[in-house]
There are 2 protein chains.
Amino acid sequence: MNDLEVWRIKIDEIDLQLVKLLNDRARYATEIGKIKLTLGLDAYSPRREEEVMKHVTTHSAGPLSTQAIRRLFERIIDESRSIERIYMHERENKRTR
Amino acid sequence: MNDLEVWRIKIDEIDLQLVKLLNDRARYATEIGKIKLTLGLDAYSPRREEEVMKHVTTHSAGPLSTQAIRRLFERIIDESRSIERIYMHERENKRTR
């Protein structure tokens with residue numbers, strides 16, 4: 001095995017952890033959707049999203065730049081919000097059916 | 001503390017782990033950049049990127065859809081490739097100066 005393959009295996013291992021965490025995050029987002037539905041709140045919460053951004057950029061030690069972390073979490077937040085919204089609509093439809 | 005806050009704290013914890021892993025992945029990408037420079041290879045490797053996509057979509061247990069996982073990893077791969085490229089250019093410039 002050459003050095004390139006060694007590092008690629010390390011990346012593959014990280015990716016499996018990322019996939020797990022991203023799915024956990026999405027699952028938690030559906031739990032939040034459940035609560036928001038009860039409270040009559042919308043899935044989109046700009047103040048909370050800015051709080052998340054501040055949290056992750058403050059805690060990043062690099063080498064990714066603040067801009068890169070922001071771009072990554074824009075996508076992550078977007079996917080969490082989408083799944084939260086899908087979940088909320090499904091529930092709403094069931095309720096009104 | 002209300003239920004919404006409890007889930008948000010859980011998400012904050014996941015986000016710290018995500019930030020760490022994303023930075024680790026970026027660091028590994030610079031190591032790969034180092035090797036590619038020695039071998040005269042470009043940072044962009046479409047076959048490897050497709051392999052990464054296949055790996056993550058195959059190992060995802062949901063609730064994120066395959067499309068969502070693909071969108072997330074398009075961003076993750078893109079940021080890793082960028083940092084790999086920046087690193088390679090810096091090295092190349094030092095060498096030719």
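The sequence lines fix the lettering, A, B, ..., with proteins before strands; numbering per chain opens at 1. Computed over heavy atoms, backbone and side chain alike; hydrogens, waters and symmetry mates excluded.
Only the side chain of A:V52 comes within contact range of chain B, with heavy atoms under 4.5 Å apart. With a 4.5 angstrom heavy-atom cutoff, A:R48 touches chain B only via side-chain atoms. For chain B, the nearby part of A:F73 is the side chain; its heavy atoms alone come within less than 4.5 Å. Only the side chain of A:S45 comes within less than 4.5 Å of a heavy atom of chain B; its backbone N, CA, C and O stay farther away. If you measure heavy-atom distances from B:I76 to chain A, the contacts under 4.5 Å come from both the backbone and the side chain. Heavy atoms closer than 4.5 Å to chain B are found in both the backbone and the side chain of A:L21.
Residues A:L64 and A:I11 share a single hydrophobic cluster, defined by chaining ILVMFWY side chains whose heavy atoms lie under 4.5 Å apart. Taking hydrophobic clusters as Ile, Leu, Val, Met, Phe, Trp and Tyr residues chained together by side-chain heavy-atom distances below 4.5 Å, B:W7 does not share a cluster with A:I86.
With sequence neighbours excluded, no residue forms a salt bridge (Lys or Arg N to Asp or Glu O under 4.0 Å) with B:E5. Qualifying ring-ring contact (aromatic ring centres under 6.0 Å, His included) partners for B:H89, counting only residues two or more places apart in sequence or in other chains: none.
Closest of all the heavy-atom pairs between A:R71 and B:E79 is NE-OE2, 2.6 Å.
Options A:I83, A:N2, A:D78, A:V19 differ in how many heavy-atom pairs under 4.5 Å they form with chain B, and the most are formed by A:V19. No other option in A:V6, A:L39, A:V56, A:I69 has as many heavy-atom pairs under 4.5 Å with chain B as A:V56. In terms of heavy-atom pairs under 4.5 angstrom with chain A, the leader among B:G62, B:S65, B:A68 is B:G62.
Residues of residues 31-38 of chain A placed with any heavy atom under 4.5 Å of a heavy atom in chain B are listed by number as A:E31, A:I32, A:I35, A:K36. Contacts between residues 22-29 of chain B and chain A, defined by a heavy-atom separation under 4.5 Å, are made by B:L22, B:N23, B:D24, B:R25, B:A26, B:R27, B:Y28, B:A29.
The CD atom of B:Q17 sits 13.0 Å away from atom NE2 of A:H59, with the distance rounded to the nearest 0.5 Å. How far CD1 of A:I14 is from NZ of B:K20: 7.0 Å, rounded to the nearest 0.5 Å. To the nearest 0.5 angstrom, A:L72 atom CG is 8.0 Å from B:S80 atom OG.
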